[in-house]
2 protein chains.
Amino acid sequence: MLDPRRPRRGASINDVARLAGVSGQTVSRVAHGSTSVRPETRAKVLAAMERLGYAPNHAARALRAGEFGTIGLLAHRFERTGEALTTEGVIGAAAAQNVGVTVVDVRRDEVDDWQSAASRLTHQAIDGLVVIRAEQATPEELALPADLPVVVSDSRFAGRYPAVVADQAQGTREAVQHLLDLGHRTVHHVAGPADSEPAAVRLDTWRRMLEEAGRRVPEPWRGDWTARTGYGLGHEIAADPSVTAVFCANDETALGLLRALHEAGRRVPEDVSVVGFDGIALGEFTYPPLTTVSQDFHAIGRELVRLLLDRVRATGADEPQRVVVPTELVVRRTTGPAAENHNADPA
Amino acid sequence: MLDPRRPRRGASINDVARLAGVSGQTVSRVAHGSTSVRPETRAKVLAAMERLGYAPNHAARALRAGEFGTIGLLAHRFERTGEALTTEGVIGAAAAQNVGVTVVDVRRDEVDDWQSAASRLTHQAIDGLVVIRAEQATPEELALPADLPVVVSDSRFAGRYPAVVADQAQGTREAVQHLLDLGHRTVHHVAGPADSEPAAVRLDTWRRMLEEAGRRVPEPWRGDWTARTGYGLGHEIAADPSVTAVFCANDETALGLLRALHEAGRRVPEDVSVVGFDGIALGEFTYPPLTTVSQDFHAIGRELVRLLLDRVRATGADEPQRVVVPTELVVRRTTGPAAENHNADPA
DNA sequence: GGATGGCATGTTGACGTCAACATCGTAGCC
DNA sequence: GGCTACGATGTTGACGTCAACATGCCATCC
């Protein structure tokens, strides 16, 4: 914690008042829009402010108002695309309302890390909290103050707090359908981690799509969102000639897979088609450019702020809501027609 | 701004005191480490806190202490790797000191955007400010309060505020030397934007290295950090058979270039070697994996916090310092020996 | 038994701001 | 001329916390 005895303190409203020869209240009036202050009085006050470099004390304002004008944001490793873009959306939308955002990063996605991050944050000066994908912690474990307005994105918290989620199922359906339309007999899947809710939705939807189409449902591979694991599994995938289409749980995994396929001499998309998920910016500049399901993370961030500020400002109205943001298949060049020579695979 | 008349206010120290039948001061003592409170008194107070769901009011604490325990961070589009990782480093290091971080994102790298972001931030409750690469704004234009401790990373602000910068020159030297050692007659360069200081250092160092080695200095291409521009320039670069080695100002640009080279049928690294800069995580999983100069952004973030908290806590000691964080060449697979057939190029 | 000292607890005030109320002066009106 | 009304400005107190000081109690010691 910062040293509380540091004397460095700016000029207060009363310092300005003394210099300008008016009362503190008049300074306060000038500092705000100010109703009814004589122009010459205002000028005097403004001059005094200028001279002393007056800046309002936010702690005092917050104390008096009972609000901080700041919300907290809790995320896990937010340099990852989804987290970073959602955070950006949150920050932008909050800024537009003159609300600041205090960010806390959870280093490892484990319960005690989430706990300590949450407690750190609730010990900060915030009026509300945005939680982005707390996959490894339950609401109870987080032990958030009961009177703190909270909204979440995409997590098991959705039942408990208002949530903004991307339409995982829709995107997955489009991706699988796209591959089937290209003539692939079936679609393989590299899933996300087992404890991730979005990963589970993508997995379930993929399976259901294949079942509904009457296709064989191959055993999915289990990934962990990383390119490294996509690359590792990729060696195995590349070695299996029956694999002609792979739907990856996210773009990083798809990129790792792409490298492995290249190294194994499997051509993309001639031999194998690949679809990612997320729509990271670099997907457009991989070789070949990556077909993917893009999510509008900025929109998620904006909706989160809207929901949260509603809750912060309203006194009642607390039934959990759920806002769904659409996803969109972006077809680039990692998907193509099924190769003829592998059609021996039974439908 | 949040509505200041919302009555939602938690229990105060005095509510707890009343319930526990003690004075507010005793509650305060219990709330802290607390010296000398009788165990049974403490228990009573703790029970009352529990029952009322007491949480300390940070505005009041901040007002009394004259400090917020929060620093601000100003960055441009911080979902980009360098910004995001530096921000992560800052947040982590600050958290370790129980200091929060309020983040403001500058949408467009233009003066008025920087200005409005800066003023938004200085109207927040912060004790100090970290500015990450403010390339389009001068210190004067930012108009930061004179008494606000500020540290910066990597920018034209370095002369004015304490700064933490990566050793751009060292990394550039290693990269160029690596390519020359591989037998390339000269090294081409796709630069960053003209108004970026790090881009200028990379450009100058690249030129100096070639001059010192007595090599021809080809006209550099002017990029803008984006993969898109790297891709666009890449078509031109791929069409020039005299180009055997390209040093790109950053990884995104290099990735765009890579795609263009692939599309043009130029093999990497057999026909053309490519080096990036930054060390983004995905560089390891492009095809081929990208040789690059990696920067330790987390270290930069940590150093920024160290410097800033020094300034916040110290009363004097304000002469600008400069901390240099080393960079490191990471050789992967986009660089290889110069092709024999292009050695016609004069040394 | 009374003085001493130390520990537990209470009281006061100040941090900076601003709403609510109080005061003062003057223009306008009969 | 005296009264009203309103506009400009001042005064007071409260938001929650905690350092500094004050008080009160008890054990100890001669």
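Lettering of chains follows the sequences in order, A, B, ..., and the numbering in each one begins at 1.
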**Q.** Polar contact flag, side-chain donor to acceptor under 3.5 angstrom, A:Thr102-B:Thr102
**A.** yes

Q. For D:dA14, does OP1 or OP2 lie under 4.0 Å from any side-chain N or O of A:Arg64?
A. no

Q) Taking only N and O in the side chain of A:Ser28, is any of them less than 4.0 Å away from OP1 or OP2 of C:dT17? A) no

**Q.** A:Ile13 CD1 to D:dC15 P, straight-line distance once rounded to whole Å
**A.** 19 Å

Q. Between B:Phe68 (CZ) and D:dT17 (P), how many Å, whole number?
A. 16 Å

Q) Please give, in whole Å, the distance from C:dA8 P to B:Lys44 NZ? A) 14 Å

(Q) Whole angstroms only, please: what is the CD-C1' distance between A:Glu67 and C:dC18? (A) 15 Å

Q: Starting at atom CG of B:Asn14, determine the distance to atom P of D:dT17, rounded to an integer number of angstrom.
A: 7 Å

Q: Would you tell me if any nitrogen or oxygen in the side chain of A:Thr41 comes within less than 4.0 Å of OP1 or OP2 on D:dT9?
A: yes

Q.
From C-beta outward on B:Leu63, which listed nucleotide comes closest to its side chain: C:dT17, C:dA19, C:dG16?
A. C:dG16

Q: When you get a sec, tell me which of D:dT9, D:dT17, C:dT17 is the closest nucleotide to the side chain of B:Asn57?
A: D:dT17

Q: Return the minimal non-hydrogen interatomic distance between A:Leu46 and A:Val30, and the atom names on each side.
A: CD1-CG1, 3.4 Å

Q | Atom-to-atom span, CZ of A:Arg18 to C1' of D:dT9 - whole angstrom | A | 18 Å

Q.
Side chain of B:Arg61 only, heavy atoms from C-beta on: which candidate in C:dG10, C:dA8, D:dT17 is closest?
A. D:dT17

(Q) Let me spell it out: for each of B:Ala60 and A:Arg38, pick the nucleotide of DNA chain D with the closest heavy atom. Which residue's pick is nearer the 5' end? (A) A:Arg38

Q: With the side chain of A:Ser36 defined as its heavy atoms from C-beta on, choose the nearest nucleotide among D:dT9, C:dA8, C:dA20.
A: D:dT9

Q. Given atom CG of A:Asp15 and atom C1' of C:dT17, what is their separation to the nearest angstrom?
A. 13 Å

Q.
What is the separation between atom CD on A:Glu40 and atom C1' on D:dA8, rounded to the nearest whole Å?
A. 11 Å

